[in-house]
Amino acid sequence: MKKTKLMKINLAIALMLFSFSSIAQITIPAPSPAGLVSGKVGLTDIEIKYSRPQTKGRKIFGNGDDFLLPYGVMWRAGANAGTIVKFSDDVKIGNESLAAGEYLLLATPGKDEWTVYFYTDISMGGNLSAYDEAKTALKASVKPTKLTEAVSTLTYNISDISDDSQSAFIQMAWENTSVKIPVTVSFDDQVMKAIAKGTKVNVANYASAANYYLTTGKDLKQALEWMNLYLAEGQNANQFWHVHTKALIQAKLGDKKGAKETAKKSMELAKKSPQGDFGYIKRNEDLIAGL
């Protein structure tokens with residue numbers, strides 16, 4: 001009986017201490033909150049994880065001890081454990097190749113030029129005293145620009161994706177400074193392998209293959225053949241957006257008469273669409289006018 005009573009007392013004390021511990025834990029906002037940016041350039045996924053320090057009235061980049069981050073001194077490109085950049089495929093930074101993987105992004109600010117580093121040992125975190133040049137996979141020089149509006153919180157972005165989806169920038173902006181790191185991706189080999197495999201097993205892939213050949217300027221006769229095969233299948237012939245693509249291919253091949261006829265067919269189908277024409281009436285009108 002005494003043992004049972006003692007166990008109950010111990011349990012009550014434990015619950016009381018646990019309750020007190022839970023109440024005592026207070027969560028407050030972090031001085032440098034976590035940030036996450038991700039996006040796709042071509043077929044490559046790019047992810048940036050970082051902590052976001054704020055200006056808080058301080059002078060950030062400049063020459064001398066009055067600045068938080070003086071020129072010529074290496075910086076972890078963020079707060080806390082630094083900034084991690086992840087690439088799902090091999091890329092190029094400027095003209096230099098960088099393998100797929102995760103890297104610490106480091107930077108040495110300068111008035112007219114910054115040096116950025118992609119560092120392989122992400123466990124180093126913000127401990128720059130442990131920096132080992134042998135672990136730098138790539139080093140590149142980039143030009144800073146002055147911002148017309150101040151950015152009070154460090155901000156990263158994946159910006160300026162090119163029309164052909166083959167290039168973009170990793171942009172860092174803070175205080176009155178912006179730095180853009182050029183990134184180039186390659187996906188043609190992947191797409192060509194997928195086309196070679198996919199068009200053998202699924203007719204639906206012909207349209208994607210034809211579109212890719214059109215937009216990249218590859219064999220347009222092959223593109224037209226694929227689109228004809230696709231449009232000949234079932235209800236595909238009513239898909240006015242793909243009929244329009246066929247007209248574009250014909251126009252590129254110099255077949256103006258065929259392109260006009262196909263564009264007119266696409267326009268007629270678009271007018272009958274119960275879901276709307278999604279702008280394809282105007283697209284076909286512009287194509288015919290241009291021919």
Side-chain angles (χ1 to χ4, degrees), residues 38-47 87-100 158-171 180-233 236-263 265-267 269-270 277-291:
S38 63
K40 189 179 287 288
V41 181
L43 297 177
T44 300
D45 293 311
I46 301 176
E47 182 181 271
F87 302 101
S88 63
D89 302 297
D90 296 350
V91 299
K92 283 191 174 181
I93 304 297
N95 295 320
E96 299 294 325
S97 298
L98 184 66
I158 300 166
S159 68
D160 304 326
I161 298 175
S162 62
D163 291 343
D164 61 7
S165 297
Q166 294 189 41
S167 64
F169 291 91
I170 292 174
Q171 181 184 19
K180 290 184 174 182
I181 305 169
V183 180
T184 305
V185 302
S186 177
F187 50 80
D188 190 65
D189 287 346
Q190 291 171 262
V191 174
M192 293 301 289
K193 287 176 183 177
I195 287 173
K197 181 180 179 181
T199 52
K200 293 176 183 177
V201 296
N202 190 343
V203 173
N205 288 315
Y206 283 125
S208 297
N211 267 293
Y212 184 71
Y213 268 41
L214 172 63
T215 56
T216 55
K218 295 186 183 294
D219 187 345
L220 292 174
K221 290 183 179 179
Q222 177 65 77
L224 182 59
E225 181 183 335
W226 279 332
M227 189 57 77
N228 283 332
L229 287 168
Y230 176 81
L231 294 173
E233 188 75 14
N236 293 350
N238 296 324
Q239 295 177 357
F240 53 85
W241 53 95
H242 287 314
V243 177
H244 177 75
T245 300
K246 176 182 173 179
L248 292 174
I249 296 170
Q250 289 173 305
K252 285 277 189 179
L253 284 168
D255 181 9
K256 292 185 179 182
K257 181 180 178 181
K260 285 181 181 179
E261 291 175 356
T262 304
K265 181 179 179 181
S266 173
M267 190 158 51
L269 290 168
D277 72 293
F278 306 108
Y280 274 87
I281 292 175
K282 179 69 164 56
R283 293 189 190 191
N284 283 295
E285 288 174 344
D286 290 345
L287 177 58
I288 292 170
L291 292 169

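Just so we're clear, the structure is a prediction, and the values are computed from it rather than from any experiment. Sequential numbering from 1 along the given sequence is applied to the chain's residues.
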Mark yes or no for whether [X], through its side chain, and [Y], through its backbone, hold a donor-acceptor pair below 3.5 Å.
X: Ser162; Y: Ser167; answer: yes
X: Asp160; Y: Phe169; answer: no
X: Asp90; Y: Ala100; answer: yes
X: Thr245; Y: Trp241; answer: yes

For [X], is the [atom1] atom crowded, meaning more than 12 foreign heavy atoms sit under 6.0 Å from it?
X: Asp219; atom1: CG; result: yes
X: Asp164; atom1: CG; result: yes
X: Lys256; atom1: NZ; result: no

Interatomic spacing from [atom1] in [X] to [atom2] in [Y] - rounded to 0.5 Å:
X: His244; Y: Thr262; atom1: NE2; atom2: OG1; value: 11.0 Å
X: Ile170; Y: Ile181; atom1: CD1; atom2: CD1; value: 5.5 Å
X: Leu43; Y: Ser186; atom1: CG; atom2: OG; value: 9.5 Å
X: Thr215; Y: Asp163; atom1: OG1; atom2: CG; value: 11.5 Å
X: Gln250; Y: Leu220; atom1: CD; atom2: CG; value: 11.5 Å
X: Lys260; Y: Leu287; atom1: NZ; atom2: CG; value: 10.0 Å

Using a 4.5 Å cut-off on heavy atoms from C-beta on, say whether the side chain of [Y] contacts that of [X].
X: His242; Y: Leu231; value: yes
X: Trp226; Y: Ile249; value: no
X: Phe187; Y: Val41; value: no
X: Met267; Y: Ile288; value: yes

Looking only at side chains, do Tyr206 and Glu233 share a donor and an acceptor under 3.5 Å apart?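 There is no such pair between these side chains.
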Nearest non-hydrogen partners of [X] and [Y], listed with the distance:
X: Ile158; Y: Ser38; answer: CD1-C, 3.8 Å
X: Lys92; Y: Ser97; answer: CE-OG, 3.8 Å
X: Thr184; Y: Gly94; answer: OG1-O, 4.5 Å
X: Leu269; Y: Phe240; answer: CB-CB, 3.7 Å
X: Val185; Y: Ser165; answer: CG2-O, 3.5 Å
X: Ala210; Y: Ala223; answer: CB-O, 3.4 Å

- Task: Mind running side-chain contact (heavy atoms from CB on, under 4.5 Å) on Tyr230 and Lys246 for me, showing each step along the way?
- Result: CA-CA 10 Å; Tyr230 176 81; Lys246 176 182 173 179; over 6 Å; no
Inset, instruction - Any pair with a residue in residues 282-291 that passes salt bridge (charged side-chain N to carboxylate O under 4.0 Å, His left out), sequence neighbours left out, goes on the list, sorted by first then second residue, please. - result: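 Passing the test, one end in residues 282-291: Lys282-Asp286.
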Between Ile195 and Asn205, does a side-chain contact (heavy atoms from CB on, under 4.5 Å) hold up when you go through it step by step? CA-CA 7 Å; Ile195 287 173; Asn205 288 315; over 6 Å; no
